[in-house]
Asks: 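Below you'll find the structure I mean.
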2 protein chains.
Amino acid sequence: MGSLTEENYIKSIYALSQSTGEVYVSELAKKLDVKLPSVNSMMKRLAIKKLVAYAPYKGIKLTEKGKKEALAIIRKHRLAELFLVKVMGLGWEEVHDIAEQLEHVNSPRFYERIDELLNSPKFDPHGEPIPDSNGKIHTQQRTSLIDLAEGLTATITAVTEDEKSFLDHLNAKGLQIGDAVTIMKREMFDGSITLQHKSKKEILLTHQVAERIWVEL
Amino acid sequence: MGSLTEENYIKSIYALSQSTGEVYVSELAKKLDVKLPSVNSMMKRLAIKKLVAYAPYKGIKLTEKGKKEALAIIRKHRLAELFLVKVMGLGWEEVHDIAEQLEHVNSPRFYERIDELLNSPKFDPHGEPIPDSNGKIHTQQRTSLIDLAEGLTATITAVTEDEKSFLDHLNAKGLQIGDAVTIMKREMFDGSITLQHKSKKEILLTHQVAERIWVEL
DNA sequence: ATAAAATGTTAGATGCCTCTAATATTTTAA
DNA sequence: TTAAAATATTAGAGGCATCTAACATTTTAT
């Protein structure tokens, strides 16, 4: 178990390297809100610990050991989020910041118990998959709401959780995980989308919002 | 909000100064398992922050500000312990170490919710009082099992929680908070005590164990 | 192909928290 | 009452995590 700071670096590297498999120093610095040299010196330390593969002027990659640690933290984060919603009755928009802290709690027993109480759940309240205790992740094939043709109906399965304000926005629009929506109109001009929702109301989403909503047909 | 380390110092100073109102550097060093100079330099920092009153070669005292912070941490610790037992179904002997971590979670909402779910509880699973959100503590007049005369019957209200092994010991003997016990015999020779318990069984406790059990007549 | 822009690294400093070794003060006991 | 023991402090160093300023490399665009 590394320090809290170390865990946050590992987690961010994992998140940012999802698509390309690597991260740039500047991306990481931006994400963690530190300056470039801070990232640089942390990379040296993590490389010594064999958590990242790092060569000067090259992208940063997690080693297998680093990935394993990242997935363990993500598992704890997502279990915590679901626990906060299901057991403690908090709103999905307010659990992220608390889970950011709970994910660093070192207690197998605590998380084993949460897992039991929630019946080994597969997805967190934002629809993100929860890795199992071996770090195995049940990936879903994802389609963004933005890629759906007019007339199609789909079910919201997940949202990309970046900031509380985004979830507040969805709450205000009345959208939740599991809701069925039909694409009424796609505006070419600004990329916005009009949906028909179970509430019978028409909902307008900007491109920026729609691209962060994942659906299944 | 100070650092985790700072919070642990404050909490330990509070605990150790309960009786006399002050702590010695060496006591604190022992409790926190650090060397004397570490305590010394931390005291200087805490004094600058007005959390402790500290003069060289004199005992350490918490300021009002320091006490308030200590009580806030203790409140979180004890709420967490009760939550772990009542809501999560963990044993009273295994919650201390988890609560040591949860007490540092910074989220008024999280603790407000725990307090609600537990119905603003007054005591933790070990019988220790939970300070209210203003730091006010509902102190009980306490009698130790060791001070009870033969023939008297009393109810266990609290135990002094120092180590898991002590609670394991009580579990093995079948003793719990709320149990009624009658003093059958007090041995002058070694200070041990024989109890009659609701289970009808006779239980022998050594002086060392009995003095850490608090009762009400 | 080279100059400018973007990105990354090194050097050196700071604060936090810890340590060991050396020194100082207070307490205790002869 | 003074020497020894116990307790506390200072000096100086090291690791972690951060920063600014200066320098190096890579990418890009003319």
Side-chain angles (χ1 to χ4, degrees), chain A residues 1-14 16-17 19-62 65-66 69-70 73 100-101 103-104 106, chain B residues 1-14 16-17 19-62 65-66 69-70 73 100-101 103-104 106:
Chain A
M1 273 256 316
S3 68
L4 194 149
T5 313
E6 214 177 277
E7 291 194 355
N8 284 332
Y9 271 89
I10 297 288
K11 192 173 58 129
S12 295
I13 296 170
Y14 184 90
L16 294 173
S17 63
S19 41
T20 58
E22 57 177 28
V23 202
Y24 299 108
V25 174
S26 51
E27 289 179 275
L28 197 46
K30 193 174 177 186
K31 171 106 172 176
L32 291 166
D33 195 26
V34 295
K35 303 296 178 192
L36 296 189
S38 305
V39 172
N40 202 264
S41 68
M42 181 56 99
M43 287 316 104
K44 289 179 185 169
R45 285 193 294 271
L46 294 182
I48 289 168
K49 294 188 175 184
K50 307 277 188 212
L51 290 165
V52 302
Y54 164 75
Y57 296 103
K58 298 278 176 276
I60 299 155
K61 284 188 195 124
L62 285 180
K65 189 179 166 197
E69 190 167 321
I73 301 166
E100 286 282 299
Q101 297 183 65
E103 76 193 7
H104 302 291
N106 175 20
Chain B
M1 276 261 311
S3 67
L4 193 150
T5 313
E6 212 177 279
E7 290 194 355
N8 284 332
Y9 270 89
I10 297 289
K11 193 173 58 127
S12 295
I13 296 169
Y14 184 89
L16 294 173
S17 63
S19 41
T20 58
E22 57 177 30
V23 203
Y24 299 108
V25 173
S26 50
E27 288 180 276
L28 198 45
K30 193 175 177 185
K31 171 106 172 175
L32 292 166
D33 194 27
V34 294
K35 303 296 178 195
L36 296 188
S38 305
V39 172
N40 201 264
S41 68
M42 180 56 98
M43 287 315 104
K44 287 180 186 170
R45 285 192 297 271
L46 294 182
I48 289 167
K49 294 190 175 183
K50 306 277 186 211
L51 290 165
V52 302
Y54 164 74
Y57 297 102
K58 297 276 175 278
I60 299 155
K61 284 187 194 124
L62 285 180
K65 189 180 167 196
E69 191 167 321
I73 301 166
E100 286 281 299
Q101 297 183 64
E103 75 193 7
H104 302 292
N106 176 19

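Atom set for the values below is all heavy atoms of this structure, side chains included, hydrogens, waters and symmetry mates excluded. The chains referred to below are lettered A, B, ... by the order of the sequence lines, with proteins before strands, and numbering in each begins at 1.
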Asks: Grab the CG-C1' distance between B:Leu4 and D:dA17 for me, whole Å please.
Replies: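 So the two atoms are 16 Å apart, to the nearest Å.
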
Asks: Rounded to whole Å, how long is the line connecting atom NZ of B:Lys58 with atom P of D:dT7?
Replies: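 Going from B:Lys58 (NZ) to D:dT7 (P), I get 16 Å.
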
Asks: Under 4.0 Å, counting only non-hydrogen atoms across every strand here, what does B:Thr5 touch: a base, just sugar-phosphate, or nothing?
Replies: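 Here B:Thr5 touches the backbone only, sparing every base.
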
Asks: Any non-hydrogen side-chain atom of A:Ile13 less than 4.5 Å from a side-chain atom of A:Met43?
Replies: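 Yes, close enough: below the 4.5 Å cut-off.
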
Asks: Map B:Pro37 and B:Arg45 onto DNA chain C by nearest heavy atom, then report which one ends up closer to the 5' terminus.
Replies: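 Upstream on the strand: B:Arg45.
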
Asks: Taking any heavy-atom pair under 4.0 Å as a contact, classify A:Lys44: base, sugar-phosphate, or nothing.
Replies: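 Contact class for A:Lys44: sugar-phosphate only.
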
Asks: Taking for each residue the nucleotide of DNA chain D with the nearest heavy atom, is it B:Pro56 or A:Met42 whose nucleotide lies nearer the 5' end?
Replies: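 By nearest-heavy-atom nucleotide position, the 5'-most residue is B:Pro56.
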
Asks: Kindly check if the number of other-residue, nucleotide or ligand heavy atoms within 6.0 Å of OH (A:Tyr54) is above 12?
Replies: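 Counting other residues, nucleotides and ligands, OH of A:Tyr54 exceeds 12 neighbours.
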
Asks: Give a yes or no on this: more than 12 heavy atoms of other residues, nucleotides or ligands lie within 6.0 Å of atom NZ of A:Lys65.
Replies: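 Yes - once you tally the heavy atoms of other residues, nucleotides and ligands closer than 6.0 Å, there are more than 12.
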
Asks: I need the CG-C1' distance between A:Asn40 and D:dA24, as an integer number of Å.
Replies: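 Roughly 12 Å, once rounded to whole Å.
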
Asks: Does a side-chain N or O from A:Ser38 land closer than 4.0 Å to OP1 or OP2 of D:dC19, or not?
Replies: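 Answer yes for this pair, as a side-chain N or O of A:Ser38 is under 4.0 Å from OP1 or OP2.
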
Asks: Among D:dT18, D:dA8, C:dT18, which nucleotide sits nearest the side chain of B:Ser26?
Replies: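 My answer, after comparing the listed nucleotides, is D:dA8.
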
Asks: May I have the step-by-step check of side chain to side chain contact (heavy atoms under 4.5 Å, CB included) for A:Val34 and A:Tyr9, ending in yes or no?
Replies: CA-CA 11 Å; A:Val34 295; A:Tyr9 271 89; 3.7 Å; yes

Asks: Rounded to the Å, how far apart are B:Tyr24 OH and C:dT27 P?
Replies: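 Rounding to the nearest Å, OH of B:Tyr24 and P of C:dT27 are 9 Å apart.
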
Asks: What integer distance in Å separates A:Tyr57:OH from C:dG8:P?
Replies: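 Going from OH in A:Tyr57 over to P in C:dG8 covers 10 Å.
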
Asks: With a 4.0 Å cut-off on heavy atoms, is B:Ser41 in touch with a base, just the backbone sugar-phosphate, or nothing at all?
Replies: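 Answer is base: heavy atoms of B:Ser41 come under 4.0 Å of a base.
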
Asks: Atom OH of B:Tyr9 to atom P of C:dC17: distance rounded to whole Å?
Replies: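 For the pair B:Tyr9 OH and C:dC17 P, the rounded distance is 8 Å.
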
Asks: From the list D:dT18, D:dT20, D:dT9, which nucleotide is the closest neighbour of the side chain of A:Lys35?
Replies: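 The closest nucleotide is D:dT20.
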
Asks: As an exercise, state the distance from CE of A:Met1 to NE2 of A:His104, rounded to the nearest 0.5 Å.
Replies: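 Between atom CE of A:Met1 and atom NE2 of A:His104 there are 9.5 Å.
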
Asks: Between D:dC19 atom C1' and A:Leu32 atom CG, what is the distance in whole Å?
Replies: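 Computing the A:Leu32:CG to D:dC19:C1' distance gives 15 Å.
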
Asks: Within this structure, what is the CG-to-C1' distance between A:Leu28 and D:dA17, rounded to whole angstrom?
Replies: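 These atoms are roughly 14 Å apart.
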
